[in-house]
Amino acid sequence: MHGDGLRHAQNPEVVARATPAQRRIWIENRVRQDSGADGAGFHSVLLLRLPAGLSLAVVQRALTALVKRHEALRTTFRFDADELLQVVRPPYVPELVHEEVEGWDPVADLLSDRHVEYFREPFDLEFGPVFRARVLAAGTGDRTLMLVMHHIATDGWSLGLLHRDLAELYRAEAQNLAPDLPEISLRLTDLAERAGSDAADAARLDSLAHWEHTLSGVPSTLELPLKRARPGVRSHRGDRVELEIPEPLCREVRRVAATADSSDFVVYLSALQVALSRWCGQDDVVVGTMIADRFEPGSENVVGPLLNMVPLRARVDESASFDRLLDLNRESVLESLDHIGLGFDELVQHLVPERLPGCGPLVQAVFNDVREVDSSDGSLLGTPLPFTYGESTHFDFVAELEEHSGNTLLALSFATDVLDAAAVTAFGDRFLRLLAELCDRPDAPLLAHPPVGAAERAELLARGTAAAVPGAPGFVERVQQTAARYPDRPAVVAGDETLGYGELLDRARRLAQVLREAGVGPETPVGVHLPRSADLVVALLAVMGAGASYVPLAPDYPVDRLRFMVRDAGVRVLITSAPEEEGIWAGVPTVISPRARCSEKVPPALDAPAGGSVAYTVYTSGTSGRPKGVQVPHSGLGNLVDWYVREYELTHTDRIPQLAGISFDAGLLEMAPALAAGACLTVVPDEVRVDPVAFCRFLDVSGVTVAFLVTPVLTAVENAGGRIPGRVRRIQVGGDELTAVPAGGSYRLSNLYGPTEASVVSAAGEQREGAEVTLGGPLPGGRLYLLDELLRLVPDGTPGELYVGGAGVARGYAGQPGLTASRFLADPFAGDGSRMYRTGDRMHWDSGGKLVFRGRTDAQVKIRGFRIEPAEVERVLLEAKGVGAACVVVREVPGAGSQLAAFLVPSAAADGVLDIEEIRADIGRLLPRHMVPSSLVQLSGLPLTANGKVDRAALARREVPSGPEAGFTAPEGPVAEVLAEVWAEVLGLSRVSAHADFFALGGHSLLATQVAARMSDRLGVHVPLSLYFEQTVLQNLADDIEQRLFAAIGDTV
Amino acid sequence: MTASGAHFQVLVNDEGQYSIHPARLSPPAGWRGAGFTGTESACTEFVDEVWTDMRPQSLVDQMSRSGK
């Protein structure tokens, strides 16, 4: 290559086992190389600007002495008999090449491209060298000396040693004296041998016990707000952003550290843990740190990788002070030093057998202190120059404390697979602000320091707020105006019956008068018990036009439920076309027919209800089992209607289907805006409503232009292969989670979100095919906040619970003031004494400033200690072949605890058949084992509640066949059989099941490299080693290998 | 209950609407303490007793002016 190969002297090689750190780096290096990641991410450099007048001949002699002094610079690695060996080669004379770099002007550019090129040249760990040196000179005479070595030979401390030693060796060579350097009394080979002793075994067990105790119940991952879903196999590509920590702040940090009798490292670490806790929405965080294992006498002079990863866990208690956290961390750092001898690999292997695909085990975030250990100011060879190189990272997130010419930097590297620079930069800003605040008041409870700063807070509030439209007329007034303008246009078409706007208003005025005569007025609840029909529309308008509120009593509801609602809402007046059902209406004094005639003169206009008075009371299921009557005021309804008409550009020429029953507030969403705009409502017959294909035909025949559909209806249409007619220009969906935007629609699709408690719709946004589904942003007059448990805004991108304030907030739950007070909270941001509704939905803002639904706060389940969001599993299932709809529920299985069960409906393309085993294998590639449902059950359709939502409770009660996990499943296919054989060999087992997990069976990283080697031998094809780490379930791994085999064959044919 | 030692306070605004708030947070602008602190369920019970008319005060005033 470049001439400085190892020149052997007479000394023999020394062969010993590799140290745990060498082993870890060797494996990581292999994994990265195999995954095609940039190997230079594992290179280290010592870069010196050589003072003028230095002799290169002396430098060359000093380098020779340096290589002689430090064995790590001439140690290579060999894999032999299941063991990684370090081979210490004899001292040699490294060739120093002096190279003139053309066109490099050191005044303009500190370094040239050639420096980067030299840095990147690969190392061969088996044949060496693992170290090289070169002088790169500019035409101006400026010279730099560049020492590049592989991580396996060095660490941060070692670079300082090399610098010190080289300078001293130069001095000694120049003056022909003996160098004044401490004797090397410890060798890496000694350390490796010692690791195998009985004493070391006892210490290892002690350390395992320590970590087991310390990490007990730790969350499986740090939930960084990922920008993209994890790929099954990591690319190891990284990027980095740098923040300067201003000197005054560094001083503050040192002051706080001194007061707390701790180091500044612990202060930075603790602040980082608090910042991460808030970024991840998690109060239990693990941050890994590389600690130099240099406690043994003599080790301070050894060049070599003496670093070990230590997981530092912190429970971030917001009511405790920063001082308290500093105390805890000081203790835990000290304790961890006692157990640093246990390699991180071994720790993980014993304590964290389960791996998440595409994610390193236990530690996702790292904090390292890599400030120069020995700055050697005034050294003969000058101070090292900074050298930065494109990142490649093994972790999701790495924060490194660096020091360059007196400036302290925090370098934040991140895996570009899952994070982006904007998010990391924002985190860095937050961290710096928080660090300053924490140092300013370390005795205050953490909660006194908000998770976001003033600028981010203003940005988040602006994003969640939309200005109200002033002077929007109320719903009743709008319908009156419309009716006056278009008296002859059809308002409602139901079967053969058509009701014009003039007639609608006329009938509503008369029925309103009947109600007034029955004593009905503002705040009077009037029961409306009518099927979807023209009569229903008349009745609703009449009730509101009498200033009163309606209570929907859907005829298809169970009698008991209707009785409950009548009693609970205090209904004294009822409109029904079935007055004979006295069993239900017993106790209701006034029962009125929708066609009743009044005795007195009818006033010319309907009443304009006060904005604060109740428009309707809709009952929703309560978690306690008792339905809750949500009272929505006219102001909320008016705001909703005004927005909807404007947003979807409804006019008198539109035709809108009426599908939903009135017991669901979606029914109102269809009717109210249509009537306000003068559009024609077409009532969809019951038999059409349940048949997706017939429904599409109906839309076509009745000339529908705009439709609101509950989400499962659109999904059902898609799955049945139905085609939405071209005349439909817009569709709004809502009421359940939209998981994907249907392909090829000719209409514009909007996703609406909102709880009944916030006037039906709180957020809405148009969806684009192929883009991630969002819930859009706020409605005019609305305020949306994502908050943590202390009602604080969460950082941008972090999931928080959605609270809805502003125009849509309902009055509360009828007759339940206590419950109302606990769900409708004082709005901390509005400043006007208004309230906000706590939705119980978790969301985050995406990078485009739109809301993305994450799941219910109360639907989060724990399976074997892992936090699982069923919605997340559902999303993955929907990606699997042939799946049109999916619902995941938790079932309590006697004797087996909680289990996940998935219910799947085939898509139209699947032709009614799902390959359950294939789906299981598919999702096994994307989900960790604990998230793969124990049972996957095919259904022809998902059961729906009366309100059109998926009936999860019914699914949870369903009998399902038990999962295959219990027994042995034979691996399928030739590759799987070979793989099972190899696993059995290296793990010492008689047989291996198709669903077995390599690491759960006791496999570890080194064994994985052996499996990879044996598989390559037997299959004759190279399979990247990384695959063996990312796909840990036998059948999945085998299938992946098989695919690569086919691809390889395809390439050669 | 929820977290151990979770304490709440009852707040009230000018519309006479009540709300239950974490006790360690000060009342937001437009709200004042209603004179009760305790567990969430105790606060709920308290509100059930004192909040007898759930109409906002502005509506109550408006309705009494129009004589209805």
Side-chain angles (χ1 to χ4, degrees), chain A residues 283 317-319 445 447-448 450 516 519-524 546-549 607 609-614 617 624 629 631 633-635 787-792 805 809-838, chain B:
Chain A
D283 60 5
D317 176 359
E318 290 276 351
S319 18
L447 60 86
R516 283 187 207 102
V520 165
E523 297 290 304
T524 313
S549 70
D607 295 348
S613 62
V614 176
T617 303
S624 62
Q631 297 186 303
H634 275 281
S635 53
L787 307 182
D788 65 12
E789 286 181 352
L790 289 167
L791 306 180
R792 303 175 302 182
V809 178
R811 177 183 292 181
Y813 300 115
Q816 300 197 67
L819 182 64
T820 301
S822 71
R823 298 300 300 185
F824 293 81
L825 273 64
D827 184 334
F829 308 101
D832 58 0
S834 61
R835 298 175 304 157
M836 59 180 186
Y837 173 69
R838 174 179 202 169
Chain B
M1 279 302 1
T2 47
S4 59
H7 256 61
F8 294 88
Q9 58 183 325
V10 178
L11 303 180
V12 64
N13 64 9
D14 290 344
E15 289 282 16
Q17 293 167 319
Y18 287 78
S19 185
I20 297 172
H21 212 66
R24 52 183 165 172
L25 306 181
S26 43
W31 293 83
R32 58 187 184 277
F36 190 88
T37 306
T39 60
E40 190 164 18
S41 64
C43 288
T44 306
E45 244 175 78
F46 174 80
V47 173
D48 273 334
E49 264 181 57
V50 296
W51 195 5
T52 49
D53 183 352
M54 288 178 70
R55 291 177 301 163
Q57 191 56 45
S58 55
L59 179 68
V60 173
D61 295 346
Q62 202 177 342
M63 286 173 76
S64 63
R65 271 199 307 277
S66 63
K68 287 184 180 172

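All heavy atoms count here, side chains included; hydrogens, waters and symmetry mates do not. Just so we're clear, the structure is a prediction, and the values are computed from it rather than from any experiment.
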- Task: Kindly determine whether B:Arg32 and B:Val12 satisfy side-chain contact (heavy atoms from CB on, under 4.5 Å), including the steps that lead there.
- Result: CA-CA 6 Å; B:Arg32 58 187 184 277; B:Val12 64; 3.9 Å; yes
- Evaluate side-chain contact (heavy atoms from CB on, under 4.5 Å) for B:Met54 paired with A:Gln816, printing each intermediate quantity in order. CA-CA 9 Å; B:Met54 288 178 70; A:Gln816 300 197 67; over 6 Å; no
- Where do A:Leu787 and A:Phe829 land on the side-chain contact (heavy atoms from CB on, under 4.5 Å) test, with the steps shown first? CA-CA 11 Å; A:Leu787 307 182; A:Phe829 308 101; 3.6 Å; yes
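The aromatic rings of A:Tyr813 and A:Phe824 lie perpendicular to each other, with more than 60° between the two planes, well past the 30° mark.
Most heavy-atom pairs under 4.5 Å with chain B: of the set A:Pro828, A:Ala826, A:Gly611, this distinction falls to A:Ala826. Ranking B:Asp14, B:Thr44, B:Leu59, B:Thr52 against chain A, the residue ahead of the rest is B:Leu59, based on heavy-atom pairs under 4.5 Å. Top candidate by heavy-atom pairs under 4.5 Å with chain B, chosen from A:Asp827, A:Leu790, A:Val614, is A:Leu790. Options A:Gly812, A:Gly815, A:Ser613 differ in how many heavy-atom pairs under 4.5 Å they form with chain B, and the most are formed by A:Ser613.
At a 4.5 Å heavy-atom cutoff, the contact between B:Asn13 and chain A is made by side-chain atoms alone. Looking at B:Ile20, the atoms closer than 4.5 Å to chain A (heavy atoms on both sides) sit in the backbone and in the side chain alike. With a threshold of 4.5 angstrom between heavy atoms, A:Ser834 approaches chain B through N, CA, C or O but not through any side-chain atom. The part of A:Leu447 that comes within reach of chain B is its side chain, from C-beta onward, which places non-hydrogen atoms under 4.5 angstrom from that chain.
Within 6.0 Å of atom CD in B:Gln57, more than 12 heavy atoms from other residues, nucleotides or ligands are found, so the atom counts as buried in its surroundings.
Under a 4.0 Å N-O distance rule, the pair A:Glu318/B:Arg24 does not qualify as a salt bridge.
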